[in-house]
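Reading through the structure tokens given below for one structure.
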Amino acid sequence: MEQDKVARLAESVNDESPINALMATVALREEVERLLSLHVRRARAQGATWSEIAMVLGISKQAVHKKYGGSRRER
């Protein structure tokens, strides 16, 4: 389950070993990016505009298009 994975990684970022903590942080970042992409796609599928998504993410509409594909991936 996604929540278990995120929780496990979040705990591991405080590992005593800096290398283990760094590896967990990288894995957590990758999981968060995957979840962001998933939720952007879901929001678009449910009718959210790129402007609305950009506002939630705190970035420009153009940045959302560049990062999450914009209309070229929606075809």
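These numbers come from the heavy atoms of this one structure, side chains and all, not from hydrogens, waters or symmetry mates.
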Could you walk me through whether Val32 and Arg29 pass the side-chain contact (heavy atoms from CB on, under 4.5 Å) test, one step at a time?
-> CA-CA 5 Å; Val32 167; Arg29 178 182 61 194; 5.8 Å; no

Reported CG-to-CG distance for the pair Asn14 and Asn20, which is rounded to 0.5 angstrom | 12.0 Å

Hphob cluster co-occupancy, Leu38 + Val6, side-chain heavy atoms under 4.5 angstrom = yes

Shortest non-hydrogen separation from Lys61 to Ser51 and the atoms involved | CD-OG, 3.5 Å

Common cluster, Trp50/Ile59, ILVMFWY with side-chain heavy-atom separation under 4.5 Å = yes

Salt-bridged, Arg8 to Glu11, with N to O below 4.0 Å?
-> no

Interatomic distance, Glu30 atom CD to Leu9 atom CG [nearest 0.5 angstrom] | 9.5 Å

Please lay out, stage by stage, how Leu36 and Glu33 fare under the test side-chain contact (heavy atoms from CB on, under 4.5 Å).
-> CA-CA 5 Å; Leu36 278 169; Glu33 287 298 325; 4.1 Å; yes

So which heavy atom on Thr49 is nearest to which on Arg44, and how close?
-> CA-NH1, 3.6 Å

Can you tell me if Ser37 and Arg41 form a side-chain donor-acceptor pair at under 3.5 Å?
-> yes

Taken to the nearest 0.5 Å, the spacing of Lys67 NZ from Gln62 CD works out to 15.5 Å

Search all heavy atoms of Ala21 against all heavy atoms of Val13 and return the closest pair with its distance.
-> CB-O, 3.3 Å

So how far is it from Ser12 OG to Met23 CE, rounded to the nearest 0.5 Å?
-> 9.0 Å

